[in-house]
Amino acid sequence: DAKTTQPNSMESNEEEPVHLPCNHSTISGTDYIHWYRQLPSQGPEYVIHGLTSNVNNRMASLAIAEDRKSSTLILHRATLRDAAVYYCICLGPRRHSGGGADGLTFGKGTHLIIQP
Amino acid sequence: EAQVTQNPRYLITVTGKKLTVTCSQNMNHEYMSWYRQDPGLGLRQIYYSMNVEVTDKGDVPEGYKVSRKEKRNFPLILESPSPNQTSLYFCASSYGTSRQTQYFGPGTRLLVL
């Protein structure tokens with residue numbers, strides 16, 4: 001799975017859009033880009049994922065660069081409840097058919113602070 | 001409501017006293033796994049299960065056991081807990097593999113004295 005790089009923290013104001021960047025320059029053609037977030041004192045929560053085209057769902061949008069070496073998670077109108085650590089991970093096909101470690105690898109993520 | 005539940009949510013125990021953390025999902029998922037989360041180390045997978053009666057070691061399996069006798073349940077067993085197993089534990093499940101959307105439980109905070 002390709003390594004990802006994200007800013008340690010970002011700050012935004014409530015009800016404004018937030019653009020969270022992620023670099024994944026070593027991504028391979030079969031790797032999907034996934035975003036999860038972890039709110040304080042909760043388990044990680046799936047946000048969105050995509051392969052090549054931009055994606056939208058009820059939570060967010062995912063904009064993927066044409067060369068796929070970077071992507072941006074867009075929260076269109078941030079609320080205080082969106083304050084969380086956001087993780088970007090690249091996942092290829094499962095490598096192991098006969099056992100071996102198989103988990104998601106979350107880096108440090110981006111700590112998103114929302115100001116009222 | 002589709003969810004992954006864990007019990008207990010908080011547990012304080014002493015070294016050597018066997019304990020079990022339960023995990024249950026109501027989404028008919030085949031894949032289930034356990035993670036621990038420690039400051040500065042991120043999420044690390046302990047064990048996972050591709051289906052009933054099929055389990056495999058993750059990155060940090062030492063000191064833990066699991067079983068998968070039913071599709072919905074995946075308990076984590078600490079036969080002889082030690083202080084270095086003090087951590088925040090998450091159970092997760094998905095339809096097929098680890099590469100598909102993972103649904104995480106709320107976490108179990110364990111303190112081993």
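Atom set for the values below is all heavy atoms of this structure, side chains included, hydrogens, waters and symmetry mates excluded. First the proteins, then the strands, lettered A, B, ... as listed; each starts at 1.
Per-residue counts of heavy-atom pairs under 4.5 Å with chain A were compared for B:Gln6, B:Arg44, B:Gln37, B:Arg109; the largest is that of B:Gln37.
Using modelled atom types and a 3.5 Å distance limit, the side chains of B:Gln25 and B:Gln3 yield no donor-acceptor pair.
Only the side chain of B:Tyr31 comes within less than 4.5 Å of a heavy atom of chain A; its backbone N, CA, C and O stay farther away. Heavy atoms closer than 4.5 Å to chain B are found nowhere in A:Tyr32, neither backbone nor side chain. For B:Ser33, no part lies under 4.5 angstrom from a heavy atom of chain A.
Expressed to the nearest 0.5 Å, how far CZ of B:Arg36 lies from CG of B:Leu88 amounts to 10.0 Å. For the atom pair OH (B:Tyr47) and OH (B:Tyr35), the distance works out to 15.5 Å, reported to the nearest 0.5 Å.
Electrostatic pairing of B:Lys69 and B:Glu53 does not count as a salt bridge here, judged by no charged N lying under 4.0 Å from a carboxylate O.
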